[in-house]
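Okay, structure first, notes after.
Here, residue 1 is the first one in the sequence, and each next residue gets the next number.
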Amino acid sequence: MEKKNIKLFSSLKFPKGKLLFLWLYTIVLIIISMLLFNQLFDMSLTTWHTHDFLDCLFSGKISQFYSITAEKAANNQYFSNGINMDAASYSPFTYAVLSVVIFPIYIIIKILGITQIYSAYAEAIRLFMVGFSIWASMLLKKICDEANIGKAISTSTYYYFSSPIFIVCTLICNQYDVIAIIICLYAILAFMKGRHNLFSLLMGISACFKPFAIVAFFPIILFKEKNLFGLLKKSLLALCPLLITNFLPLLIDSGYRNIVGVREENFSFFSSLTDATIKGGLSDISLFFLAYVILCGISYCMNNKVDDSFYKAMLLGLASYMVFFTFVKFNIHWMIYIFPFLSIVVLFSKNYERMLVMESGFSWFYVISAFMSAPITNQVYYSPFFTTHPEIPLELTDDLYFYEHYLPSKIVPFTLMVGFGVALLLSAYKATQEDCSQELKSKNTEFVLLLIRASSILLYIVPALISIFMVCL
């Protein structure tokens with residue numbers, strides 16, 4: 001694809017003093033978020049499993065890894081929640097990648113004989129995820145550079161770190177999904193260069209962590225590849241890594257089969273795809289599958305022989321995630337998977353101001369929905385601030401729920417989030433029909449919009465600060 005076919009308007013035209021203020025303001029928000037919040041359970045348990053994965057690897061028992069973790073979970077040797085919650089259930093690929101990440105800490109733990117494994121990993125892994133986030137921001141910057149829009153590189157870097165989606169999913173919820181995002185960004189780079197087979201393979205590898213990349217893959221590849229043989233080949237390239245890493249353990253480790261069986265009884269990702277339904281003739285109709293199949297059909301019928309084919313492909317990837325997050329019940333930290341496509345659609349739009357307004361609204365109502373959906377006790381009580389201030393009473397965690405009594409049902413903010421998401425998609429598509437880029441109305445407009453966007457994370461921070469103040473009074 002020729003670089004001249006991609007345009008990005010924004011270049012942070014306001015004075016350097018305002019740019020410095022934005023960066024300092026965002027860095028303060030990031031530091032406060034990391035001090036006040038840490039969702040201990042998920043990442044601590046996953047890194048504990050990864051520690052056991054390394055133990056099994058070096059002891060020659062890797063084929064029994066899932067059975068060993070299931071036995072430990074049944075004996076309450078993790079967090080005493082039983083097999084359903086505590087046994088290892090991710091693919092071996094996930095644990096293999098995380099093994100590389102935590103290996104230096106693993107060696108230190110073995111040398112020093114540290115027994116409190118989960119606490120040793122808890123904060124260290126957050127720093128690793130910050131490092132991976134810097135890597136991801138550099139890849140987004142490289143995508144802008146490949147598009148020959150180097151003067152806007154500072155926009156893309158700041159845009160990434162000031163994103164409330166990034167702060168909530170990676171820092172507050174303390175999740176490893178940014179690693180999958182890095183692979184997805186490499187896939188997008190391959191797509192930009194016309195290397196569609198590599199794009200398919202990398203999307204499949206990204207899906208080995210969680211299968212979200214496949215959701216975006218099919219509309220994009222149906223838009224770009226019209227040959228049926230080519231479609232089959234690229235689909236196999238994307239699906240094979242996912243199928244191999246998820247089904248191979250079923251064949252070699254009976255413990256994995258038992259874990260999957262227990263998990264399926266309580267929660268099934270694939271069955272959740274049919275949660276939202278409408279009445280049909282023979283049976284209920286899944287709204288997700290209905291909307292997704294329609295989107296795939298539209299993608300296949302669209303003309304890809306146009307100058308802005310890359311932008312439209314990214315727009316279709318974003319639309320697929322909008323369909324998913326509209327009709328499928330999801331964990332709040334999954335929203336990070338939408339971020340590569342959302343970033344490119346906003347930053348590459350011919351009408352940047354309008355897109356930034358829509359994206360800011362989407363981010364604000366996402367933060368509100370996330371704040372009202374996830375139990376905040378675990379995110380706060382095990383944060384660095386609380387673990388270093390034992391004099392603050394446990395009752396603080398009860399005060400943190402005050403918002404449940406004063407804010408309306410999360411149906412309202414979630415509906416508004418979806419509304420802004422749909423409006424963003426329509427605005428982005430409309431911008432592709434416009435002849436030229438539209439200038440910002442004022443040199444301060446971008447500054448104000450980026451400031452408003454970053455400030456949405458205060459919806460998490462302010463209640464925690466108020467609660468601390470009230471308890472310590």
Side-chain angles (χ1 to χ4, degrees), residues 33 37 39 42 163-169 172-173 175 177 210 212 215 266-280 284-292 294-295 318-339 341-342 355 357-380 397-428 452-464 466-467:
S33 297
F37 304 99
Q39 187 167 301
D42 289 4
S163 169
I165 295 176
F166 154 70
I167 295 175
V168 170
C169 298
I172 292 178
C173 292
Q175 298 291 322
D177 301 280
K210 292 185 178 81
F212 299 109
V215 175
N266 294 276
F267 173 77
S268 171
F269 173 81
F270 293 101
S271 65
S272 68
L273 301 179
T274 59
D275 281 347
T277 61
I278 56 174
K279 292 294 182 180
D284 291 346
I285 298 173
S286 165
L287 288 174
F288 166 73
F289 281 115
L290 177 64
Y292 188 69
I294 291 173
L295 178 63
L318 176 61
S320 65
Y321 280 126
M322 288 294 186
V323 168
F324 178 88
F325 289 116
T326 298
F327 296 117
V328 179
K329 185 177 181 180
F330 62 94
N331 293 324
I332 61 171
H333 58 266
W334 292 354
M335 187 61 73
I336 192 69
Y337 286 91
I338 205 174
F339 193 59
F341 299 97
L342 179 63
M355 294 301 297
V357 169
M358 298 297 177
E359 197 269 1
S360 298
F362 178 83
S363 295
W364 266 85
F365 287 109
Y366 161 72
V367 172
I368 297 173
S369 300
F371 185 65
M372 298 176 67
S373 298
I376 202 172
T377 305
N378 195 34
Q379 294 174 355
V380 172
T397 56
D398 297 325
D399 295 327
L400 286 167
Y401 285 95
F402 74 91
Y403 62 88
E404 291 185 351
H405 304 288
Y406 299 107
L407 290 178
S409 166
K410 62 186 176 186
I411 292 176
V412 176
F414 177 71
T415 302
L416 291 172
M417 184 197 83
V418 172
F420 270 100
V422 173
L424 188 150
L425 289 171
L426 295 175
S427 296
I452 292 173
R453 174 177 177 266
S455 298
S456 62
I457 204 63
L458 291 173
L459 292 168
Y460 259 88
I461 292 173
V462 171
I466 292 175
S467 297

Nearest atoms (heavy-atom pairs only) where C169 meets H333: SG-O, 3.5 Å
Separation of M335 CE from D177 CG (nearest 0.5 Å): 12.5 Å
Side chain to side chain contact (heavy atoms under 4.5 Å, CB included) assessment of L318 paired with I338: CA-CA 7 Å; L318 176 61; I338 205 174; 3.6 Å; yes
Between the main-chain N or O of [Y] and the side-chain N or O of [X], is there a donor-acceptor pair closer than 3.5 Å?
X    : Y    : result
S286 : L273 : yes
Y292 : V215 : yes
S456 : W364 : no
Y366 : I332 : yes

Minimum side-chain heavy-atom gap I336-Q175 below 4.5 Å: no
Member of I368, L459, V418 meeting the side-chain contact (heavy atoms from CB on, under 4.5 Å) criterion with P413: I368
Parallel, tilted or perpendicular, as decided by the 30° and 60° cut-offs, for the rings of F371 and Y460: perpendicular
Parallel, tilted or perpendicular: ring planes of Y337 versus F212, cut at 30 and 60 degrees: tilted
Verdict with supporting geometry, M355 and L424, side chain to side chain contact (heavy atoms under 4.5 Å, CB included): CA-CA 6 Å; M355 294 301 297; L424 188 150; 3.5 Å; yes
Chi angles and distances behind the side chain to side chain contact (heavy atoms under 4.5 Å, CB included) call for I457, I172: CA-CA 10 Å; I457 204 63; I172 292 178; 4.0 Å; yes
